[in-house]
Amino acid sequence: MSDVNTRISDLVTSNDVVLFMKGTPLFPQCGFSSRAVAILDHCGVAYESVDVLQDMEIRQGIKSFSDWPTIPQLYVKGEFVGGSDIMMEMFEAGELKALLDESGVKMA
Amino acid sequence: MPMTAREIEDAILAALPGAVVELTDLAGDDDHWAATVTAPQFAGLSRVAQHKLVYAALGGRMGGVLHALQVTTVVPK
């Protein structure tokens with residue numbers, strides 16, 4: 001497995017909830033990333049964020065890792081959940097909170 | 001060159017016959033679109049799989065030429 005895939009795999013397996021995003025939760029650099037942060041904050045879960053703008057290798061590597069063309073990307077217990085749109089659809093349907101509860105992830 | 005509404009709709013309809021595509025220009029710049037796609041092909045698929053069908057229909061332009069496309073997928077009742 002390539003070095004970047006190993007790095008990504010370590011990140012998503014060593015943290016319950018990981019959000020790959022542009023910028024940081026405090027200073028999101030893109031509307032979609034900002035929306036993803038707002039959704040996670042609303043769910044009240046603890047999460048690790050990875051600023052892909054600081055790491056070009058991860059920025060490209062994450063897209064092939066998940067076979068998903070855009071950022072942000074959410075992972076729960078090592079599983080790719082979706083981007084900003086899917087997070088919104090799931091959140092509005094109550095599915096995201098249910099997934100997070102079922103996964104027993106830590107709260108913020 | 002960003003895609004026009006027409007090009008986005010045509011590309012999705014070509015790949016997903018029978019779909020209904022509703023497009024909203026979020027920023028008036030032909031570059032930030034919201035697309036609600038209702039398609040029978042989505043039945044039984046996960047949300048990720050549904051969205052991947054739409055992205056595949058756009059032939060890899062997602063995240064590239066098409067900077068920001070907000071996608072909502074709907075399975076027809």
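So that the names make sense, note that chain A is the first sequence line, chain B the second, and so on, each numbered from 1.
At a 4.5 Å heavy-atom cutoff, B/S46 makes no contact with chain A through either its backbone or its side chain. Of the atoms belonging to B/L69, it is backbone heavy atoms, and not side-chain ones, that fall under 4.5 Å from chain A. Contacts of A/S66 with chain B are made by backbone atoms alone, with heavy-atom separations under 4.5 Å and no side-chain atom involved.
Hydrophobic clustering (ILVMFWY, side-chain heavy atoms < 4.5 Å, transitive): A/L11 and A/L74 are in one cluster. At a threshold of 4.5 Å between side-chain heavy atoms, the hydrophobic network of Ile, Leu, Val, Met, Phe, Trp and Tyr places B/V75 and B/L13 in one connected group. Hydrophobic clustering, with ILVMFWY side chains joined whenever heavy atoms are under 4.5 angstrom apart, groups A/V4 together with A/I62. In the hydrophobic cluster analysis, where Ile, Leu, Val, Met, Phe, Trp and Tyr join through side-chain heavy atoms closer than 4.5 angstrom, B/I12 is grouped apart from B/V74. In the hydrophobic clustering of ILVMFWY residues, with side-chain heavy atoms under 4.5 Å counting as a link, A/L40 and A/F91 come out together.
Put simply, the residue from A/E92, A/M88, A/E89 that forms a side chain to side chain contact (heavy atoms under 4.5 Å, CB included) with B/T72 is A/E89.
Taking NZ of B/K52 as the reference point, atom CG of A/D67 lies at 4.0 Å (rounded to 0.5 Å). Once rounded to the nearest 0.5 Å, the distance linking CG of A/D85 with OG1 of B/T73 reads 9.0 Å. In this structure, OG1 in A/T70 is found 11.5 Å from CD in B/Q70, a value given to the nearest 0.5 Å.
The environment of CD in A/Q29 is crowded: more than 12 heavy-atom neighbours from other residues, nucleotides or ligands sit within 6.0 Å.
Contact record, B/V48 with A/W68: O-CZ3, 3.8 Å, taken as the closest heavy-atom pair.
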